[in-house]
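These values consider heavy atoms only, across backbone and side chains, with no hydrogens, waters or symmetry-generated copies. First the proteins, then the strands, lettered A, B, ... as listed; each starts at 1.
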Protein chains: 2
Amino acid sequence: MARTIGSDGGRTEAAIREAAISLMARFGYEAVSMRQLAAEVGVQAAALYRYFPTKEDLLFTLLCEHMDGLLSAWEAARPANADPRERLTAFVRNHIHFHVARRHATHVSNMELRALSRDNLTQILRLRTAYEKELRQILRDGAEAGTFVIDDTGLTAIAIIQMLTGVIVWFRPGERLSVEEVAETYLAMTMRLTGAENARENTHVRAHA
Amino acid sequence: MARTIGSDGGRTEAAIREAAISLMARFGYEAVSMRQLAAEVGVQAAALYRYFPTKEDLLFTLLCEHMDGLLSAWEAARPANADPRERLTAFVRNHIHFHVARRHATHVSNMELRALSRDNLTQILRLRTAYEKELRQILRDGAEAGTFVIDDTGLTAIAIIQMLTGVIVWFRPGERLSVEEVAETYLAMTMRLTGAENARENTHVRAHA
DNA sequence: CCGATAATAAAACGAACGTTCAATTAATTC
DNA sequence: GAATTAATTGAACGTTCGTTTTATTATCGG
């Protein structure tokens, strides 16, 4: 009925985040109770409030971390090269790899935005928009250069992102396809969708990353 | 404190369904209480139980109706013609029009499957699989005929459906684009994605429906 | 116009919810 | 080794949840 032997704030907080992502991805934010979460961590419900002031604050923290991670990953993967085809290739590969590696967090990110307060939602949407803007810029540059054939840049960007993110709905690691195979298949579809296969030049890369 | 003047079971049930779809699409199944739903209908919570035995049963009814409607709409729209390109065109147009017209129900259908019991979930997934099968068949026929260029039929079918259904996330009626314009843009992307633009014949239809 | 039935209200059920608080013990510091 | 701080428990707070029960009134067939 007090501090337990070997207890460590840092480890407990990490365990809470991990358990929260896992449970909320499976059952949804609203359906997961603080008691259920605490039980998964191996702690009493009251202990959670040492790390997160409210349930919504916990969710917000998870979503921020996820979006920050996505933007950081893209910044690290973004090629210095200016070739739209190469940039789009890097974008697709990074997007698939990142989201497959963090399937649960992605699920929460896509489903639970409505549980956020107005201010918190605005903050997350700002990050999301910044990410979409990266893809839109690639598409616009490619369209101007004649590399891509695109009707509506904004609409195409959203369509591509939704198609790519959809991977996490059905993908299970260790089954028929590897992440690399999935990424390459989606890359091929994205290239055809943007008309990159048949525009002017045809020297696009198809090799594995 | 009893039956109210002008009350009608049929109208009340329809009002419950409508309010449930609207509220659950906005706030999520778990976040909507039976009292909140009843208030939206203009009735006490207990009255809901004359029409639906449990909250989950209400959700299940809504999802069944939605999936049945989708399959019926496709059966009515499916062309007798055997040309894969024409069948794919009809599929895309029907999918977009149906889902845009029923944005709220689609949202619920996509988000709240996890709230269903095992048996109810199985039943819904059966309908969803039947629908996906229709698209897979079109893609397979088209690939065999050389009309389409497709790596993985199942994967492509899922990717297309997710791309198309994603429309409801951003689409708002009465804004920049009409449903018809959106449908045609997505149709063009689908055709490029499946390689229909550059395969053997090139006499595909581009006119409005 | 009267009996049957359909439709609802009002009140209550126990359970679970998010959260707070005081008490208690482990670890750390000096 | 005492004082301090960090980490957690157990119990409780008021509220809300889905659902049930009972009573009451509107509507309708005869």
Side-chain angles (χ1 to χ4, degrees), chain A residues 1-21 23-24 26-63 108 112 114-120, chain B residues 1-21 23-24 26-63 108 112 114-120:
Chain A
M1 48 181 100
R3 178 166 190 169
T4 56
I5 41 180
S7 60
D8 175 329
R11 280 214 322 270
T12 301
E13 181 174 343
I16 293 172
R17 292 169 117 104
E18 199 177 330
I21 288 175
L23 288 177
M24 288 177 185
R26 195 150 20 128
F27 304 113
Y29 168 79
E30 297 282 357
V32 174
S33 74
M34 294 301 266
R35 285 172 179 83
Q36 183 185 358
L37 173 55
E40 183 82 5
V41 177
V43 99
Q44 291 298 315
L48 303 177
Y49 289 85
R50 172 163 285 277
Y51 305 96
F52 303 96
T54 67
K55 188 185 180 186
E56 196 212 311
D57 213 87
L58 165 58
L59 174 64
F60 179 63
T61 302
L62 298 176
L63 297 188
V108 177
E112 310 299 355
R114 62 188 169 196
L116 294 177
S117 72
R118 218 180 154 70
D119 287 354
N120 286 346
Chain B
M1 47 180 101
R3 178 167 192 171
T4 57
I5 40 179
S7 60
D8 175 330
R11 278 214 325 269
T12 301
E13 181 175 342
I16 293 173
R17 292 169 117 105
E18 198 178 331
I21 288 176
L23 289 177
M24 289 178 185
R26 194 150 22 129
F27 304 113
Y29 168 79
E30 298 282 355
V32 174
S33 73
M34 294 300 267
R35 284 172 180 83
Q36 183 184 359
L37 172 56
E40 183 83 6
V41 177
V43 100
Q44 291 298 314
L48 304 177
Y49 289 85
R50 175 157 293 277
Y51 305 96
F52 304 96
T54 68
K55 189 185 180 187
E56 195 212 310
D57 214 87
L58 166 57
L59 174 63
F60 179 63
T61 302
L62 298 177
L63 297 188
V108 177
E112 310 299 353
R114 60 189 170 195
L116 294 177
S117 73
R118 218 179 153 71
D119 286 355
N120 286 346

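The nearest whole Å value for the distance from the CG atom in A:Asp8 to the P atom in D:dT8 is 8 Å. Atom CZ of A:Arg3 is separated from atom C1' of C:dA26 by 5 Å (rounded to the nearest Å). Here C:dA6 presents its P atom at 14 Å from CD of B:Glu13, a figure rounded to the nearest Å. For the pair A:Glu30 CD and D:dC17 P, the computed distance is 11 Å after rounding to whole Å. If you take CZ of A:Phe52 and C1' of C:dT20, they are 18 Å apart, rounded to a whole angstrom. Across the protein-nucleic acid pair, A:Gln36 atom CD and C:dA16 atom P stand 12 Å apart, rounded to whole Å. Straight-line distance from the CD atom of B:Gln44 to the C1' atom of D:dT22: 15 Å, rounded to whole Å.
Judged by distance alone, the side chain of B:Glu56 and the main-chain N or O of B:Ser117 form a donor-acceptor pair under 3.5 Å.
Listed pair A:Ser33 / C:dC17 meets the phosphate criterion, a side-chain N or O lying under 4.0 Å from OP1 or OP2. Considering only side-chain N and O atoms, B:Thr12 lies under 4.0 angstrom from the phosphate OP1 or OP2 of C:dT8. Phosphate proximity of C:dA26 to A:Ser7: absent, as no side-chain N or O sits under 4.0 Å from OP1 or OP2.
Of all heavy-atom pairs spanning B:Tyr49 and B:Pro53, the tightest one is CD2-O, 3.3 Å. What you find for B:Tyr51 and B:Ala47 is that their closest heavy atoms are CD1-O, 3.4 Å. Nearest approach of B:Val32 to B:Lys55, heavy atoms of both residues: O-NZ, 2.7 Å. The two residues A:Tyr29 and A:Met24 make their nearest non-hydrogen contact at CD1-CE, 3.6 Å. In terms of heavy-atom proximity, A:Ala45 sits nearest to A:Met34 at CB-O, 4.2 Å.
Taking every side-chain heavy atom of B:Arg35 into account, C:dA12 is the closest of C:dT8, D:dT8, C:dA12. Closest to the side chain of B:Ile5, from the set C:dC21, D:dT27, C:dT24, is D:dT27. Nearest to the side chain of B:Ala46, among D:dT25, D:dT9, C:dA10, sits C:dA10. For B:Tyr49, taking side-chain heavy atoms from C-beta onward, the closest of the listed nucleotides C:dT19, D:dT9, D:dT20 is D:dT20.
Of the two residues contacting DNA chain D, namely B:Thr4 and B:Met34, the nearest-nucleotide position lying further toward the 5' end is that of B:Met34. Residues B:Ala45 and A:Arg50 each lie close to DNA chain D; by heavy-atom proximity, the contact nearer the 5' end of the strand is made by A:Arg50.
Here B:Val41 lies out of heavy-atom contact (under 4.0 Å) with every strand. Within 4.0 Å of B:Tyr51, counting heavy atoms only, lie sugar-phosphate atoms of the nucleic acid but no base atom.
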- Task: Starting from the C-alpha separation in whole Å, work towards a yes-or-no answer on side-chain contact (heavy atoms from CB on, under 4.5 Å) for A:Leu59 and A:Asn120.
- Result: CA-CA 10 Å; A:Leu59 174 64; A:Asn120 286 346; over 6 Å; no

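Within a heavy-atom distance below 4.0 Å of DNA chain C, no residue of residues 54-62 of chain B is found.
Here the CD1 atom belonging to B:Ile16 is positioned 5.5 Å from the CZ atom belonging to B:Phe52, to the nearest 0.5 angstrom.
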